[in-house]
Each structure stands twice: as C-alpha cells, then as structure tokens.
Number of protein chains: 2
Amino acid sequence: MALKHAVLAALLDGEYSGYQLAKAFDVGVANFWHALPQQLYAELTRLEAEGLVAGRQVVQETRPNKRLFHVTDEGLAELERFAAAASRPSFIRDDLLVKVQAVDRIDAAPVIAQLTERARMAAAKVEIFEQLLARLRGGLDEAEFLAHGARVGPYLTCLRGLGFERETRDWCERITGVLRERSGTPQHP
Amino acid sequence: MALKHAVLAALLDGEYSGYQLAKAFDVGVANFWHALPQQLYAELTRLEAEGLVAGRQVVQETRPNKRLFHVTDEGLAELERFAAAASRPSFIRDDLLVKVQAVDRIDAAPVIAQLTERARMAAAKVEIFEQLLARLRGGLDEAEFLAHGARVGPYLTCLRGLGFERETRDWCERITGVLRERSGTPQHP
DNA sequence: TTCCCATACTCAAGAATATGACTAATCATA
DNA sequence: TATGATTAGTCATATTCTTGAGTATGGGAA
C-alpha cells in the first residue's frame with residue numbers, strides 16, 4: 001500500500017514522467033523507496049484513475065512522446081491521511097547478511113568478494129548523496145537551511161540515505177578485514 | 001528466493017521448531033531477515049520436502065508436541081551455492097521515510113510523533129543487540145573473539161543490526177529536533 | 001471459574017513485488 | 001553502416017509477502 005504514497009511523495013517536487021520516476025526510484029536518489037519501472041507505470045495508471053495524480057501529454061519531436069504527472073489536491077489529501085496513520089516498522093532484509101550469518105560454515109572467499117563489492121557500491125552512493133545534499137541546500141550552511149529552508153523533506157530523507165550507506169560501507173570494510181584475518185589464522189572453539 | 005536461505009542460515013546454530021524460528025524472525029534477533037510465522041512454517045515444509053532440512057518429533061506432555069529441525073548436508077551445500085552466487089542489492093523501504101519526504105506539504109505533527117516512537121523502538125533494539133553481542137562473545141573481548149572465536153557469523157550480522165538501529169535512533173532524534181524547531185519558526189523560500 | 005496469554009501449528013486468499021519479453025524511435029560510437 | 005545505448009513505455013506471469021481466521025492445550029491472574 002505504500003508504493004502509492006511513495007510515488008505521491010516523489011511527485012511533490014514537480015512534474016515527472018513515468019520514465020523519469022523510474023530512474024529516480026532505481027538509482028541512488030531513491031533514498032526512501034525503491035521500485036521497478038513496471039510497478040511505477042502501473043501505479044501511475046491507478047493513481048490517475050483514482051484522481052490522485054493528473055498527467056499531461058508532452059509531444060516531443062526527437063524523442064517518443066511522454067506524459068508528465070503531478071499530484072492533485074485529492075492526492076495531497078491522501079498523503080495527509082497516510083502520514084497520520086501508523087507506520088509499519090521497517091526491517092533489514094539483505095542477501096549479504098544471510099551469507100555473513102552462515103560464513104563460519106561455508107567458503108568465506110565469495111562472501112569476502114561480495115562484501116568488498118558492496119563496500120564499493122556504498123561508498124559511491126555516499127558520494128552521490130553528499131553531492132545531492134550540497135545541491136539541495138544551495139549556498140546556505142546546513143543548520144541555516146534546516147531551520148529556514150522552504151523544502152527540507154527530501155534533504156532529511158537524503159540524510160538518512162547517507163547515514164545508511166556510510167554504515168553499510170564501514171561495516172563491509174570492517175567485516176572483510178575480520179574475515180581476511182581469520183582465513184589466515186587458526187580458530188579455536 | 002532468499003527466505004529459504006535465511007532459514008537455513010538461522011538453523012545452523014542448532015535445532016529449532018517452527019515456533020521458535022518464528023520468534024527469532026520476528027523479534028530483534030532477526031538482524032538479517034524478517035518473516036511471519038506462516039511463511040516460516042510453509043518454508044520449513046518445502047525445505048523438508050527438498051531434503052535441505054530434517055525434522056524430528058519431540059513429544060511433550062505439558063505442551064503441544066513440536067518438531068525440531070536441523071540443516072542436512074544437502075542444505076549446507078545449497079547454502080554454499082547461494083553464498084557463491086551474486087547478491088541482489090538491498091534497498092531502504094520505509095513508510096516513515098515517505099512521510100518525512102512529504103513533510104513540508106502535510107501536517108508535521110503526526111510525523112513527529114511517529115519519529116519519536118520509532119526512535120524509542122530503535123533505542124530498545126540497540127540495547128537488545130548490545131546484550132546479545134555481550135552474550136555471544138562470552139568472556140572474551142571483541143577483538144579476541146572476532147580473531148579466534150569459533151562462530152562469528154551471528155556476531156557480525158548482529159553488529160550490522162546494532163549499527164542500523166543506532167543510525168535509525170540518531171536520525172529520528174535529529175529530525176524530530178529539526179521539525180519541532182521549524183514548527184515554531186518562520187520559513188522563507 | 002472465566003478469561004486471557006503462551007505454546008504449537010495450519011489453511012486460504014489477497015496484495016505487493018519481481019521477472020521476462022516486447023514495441024519503437026533516435027543518438028552516439030566503432 | 002551495423003551495434004548498442006537511451007528515451008518512453010506495455011503486457012503477462014510468477015514469486016513472495018501479508019492478512020485474517022482457525023485448531024488445540026495448559027497455565028496464571030482477576
């Protein structure tokens with residue numbers, strides 16, 4: 001039920017096509033939700049049918065035509081209702097953690113390789129988020145922007161994304177260190 | 001496809017009944033995956049049919065009988081294959097982040113209330129994880145345990161859970177501060 | 001002594017998500 | 001001048017996850 005509201009929240013900052021939304025929900029920028037293009041196109045269709053978003057056709061000459069969507073008053077009211085209702089707790093669900101959980105009983109080498117790769121990906125996201133944050137606060141320093149800026153929501157979710165990716169990066173680096181050490185030294189029960 | 005492997009990984013530390021597993025996958029201990037009892041019972045049935053786990057009936061007098069499961073050699077081999085294959089990236093997916101993303105355009109009060117509650121929950125999990133870590137490393141200090149301990153997988157995933165919950169707590173507290181400040185002071189575009 | 005909670009588990013149905021295959025045009029690159 | 005990447009979508013199917021309801025027993029509190 002929340003992809004719906006994630007789309008509404010993402011559309012608050014202007015008009016987007018399904019294609020643009022899909023990129024935002026796929027690449028780093030999706031610091032508060034993630035979804036595939038097919039899901040987003042389907043969701044936009046439903047939202048339009050419910051009158052929560054409205055789209056307008058934009059005829060392009062050099063590219064296929066596209067439809068740009070924006071949130072209607074009804075859509076904003078729906079978001080308001082959603083925000084007032086209880087949130088379901090969020091959980092970690094990560095393939096890599098399953099592998100680490102089992103790492104004493106299986107070959108550690110591929111797990112170490114995947115941790116290294118994940119650390120690299122997280123580090124890349126950290127940079128993306130840092131740049132995005134700098135862009136969002138414009139010239140202002142952070143405290144000033146957070147106190148008086150007009151639109152801080154995306155900044156705040158981006159801060160969460162940044163913290164999450166930093167944690168991921170640091171944990172992956174630390175764990176690879178531990179596992180590399182262990183593969184060279186003896187363990188005792 | 002990964003609940004299957006999460007169950008196998010969880011069963012590596014001894015025998016569990018479906019009911020016990022369900023509690024572990026629900027409460028704090030689930031630092032690497034989360035699932036409802038119904039899913040787990042169904043998964044155990046499938047895993048047993050595939051020969052990846054084996055169960056034995058334990059007759060109890062004061063309580064209903066139960067079945068305790070353990071991983072078979074085939075199950076361990078399946079985990080090995082899983083660990084060697086690529087992991088799918090993990091994403092944040094959180095109702096609360098959707099609400100924060102929209103917070104400039106909707107009533108902030110319920111969002112602040114939910115952030116406060118979430119911070120409380122995260123702080124409680126931090127304590128649970130800290131106690132669990134202390135128990136897992138026994139008398140040893142962390143460096144010693146990580147270097148020479150017999151089974152560090154659960155400890156490492158628990159470290160990730162701890163980091164995640166600390167981040168969540170700190171972020172929630174910081175954001176509630178920001179939003180409370182803003183609701184008392186004027187903003188300019 | 002009634003009621004609720006914990007143990008231990010099952011079944012069915014529905015909503016949400018993921019996978020894979022397709023159309024169709026333009027643009028850059030090799 | 002093929003080749004692949006990018007823009008802009010659609011359709012169908014499969015898997016996974018969630019919701020809701022039920023069964024049965026024993027123990028403790030009101």
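Each chain gets a letter, A, B and so on, in the order its sequence line appears, and its residues count up from 1. Computed over heavy atoms, backbone and side chain alike; hydrogens, waters and symmetry mates excluded. Please read these numbers as outputs of a predicted model, since none were measured by experiment.
- Side-chain atoms of R169(B) do not come within 3.5 Å of backbone N or O of V126(B) as any donor-acceptor pair.
- When all heavy atoms are compared, the tightest approach of F145(B) to L136(B) is CE1-O, 3.5 Å.
- If you walk DNA chain C from 5' to 3' and mark each nucleotide with an atom closer than 4.0 Å to a heavy atom of chain A, the marks span dA16(C) to dC27(C).
- Sorted by residue number, the list of members of residues 74-94 of chain B with any non-hydrogen atom under 4.0 Å from DNA chain D is empty.
- Within residues 40-53 of chain B, no residue is approached by DNA chain D to less than 4.0 Å at the level of any non-hydrogen atom.
- No donor-acceptor pair closer than 3.5 Å links the side chain of E78(B) to the backbone N or O of H5(B).
- The listed nucleotides are dT16(D), dA21(D), dG9(D); the one nearest the side chain of R67(A) is dG9(D).
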Practice prompt. I would like to know whether L96(A) and F32(B) meet side chain to side chain contact (heavy atoms under 4.5 Å, CB included); could you show each step before the answer?
Written response: CA-CA 9 Å; L96(A) 202 41; F32(B) 62 100; over 6 Å; no
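- As a whole-Å value, the separation of Q39(A) CD from dA14(D) P is 18 Å.
- Checked by atom type and distance alone, the side chain of Q20(A) pairs as donor or acceptor with a backbone atom of S17(A) at under 3.5 Å.
- Remark: side-chain polar atoms of Q114(B) are paired, donor with acceptor, to backbone N or O of A85(A) under 3.5 angstrom.
- Counting only distance, with no hydrogens or angles, the side chain of R160(B) and the backbone of Y155(B) share no donor-acceptor pair below 3.5 Å.
- The side chain of K23(A) places an N or O atom within less than 4.0 Å of a non-bridging phosphate oxygen (OP1 or OP2) of dT7(D).
- In terms of phosphate contacts, Y19(A) brings no side-chain nitrogen or oxygen within less than 4.0 Å of OP1 or OP2 of dG9(D).
- In this structure, T62(B) reaches the dG27(D) phosphate: one of its side-chain N or O atoms is under 4.0 Å from OP1 or OP2.
- Each of V71(B), L52(B), L40(B) was scored for a side chain to side chain contact (heavy atoms under 4.5 Å, CB included) with V7(B), with one residue passing: L40(B).
- Interface remark: the Q60(B) side chain does not form any donor-acceptor pair with the dG26(D) base, using a distance-only criterion of under 3.5 Å.
- The residue among P64(A) and Q38(B) whose nearest nucleotide of DNA chain C lies closer to the 5′ end is Q38(B).
- Side-chain atoms of R63(A) come within donor-acceptor range of the base of dT6(D), with a qualifying N/O pair under 3.5 Å.
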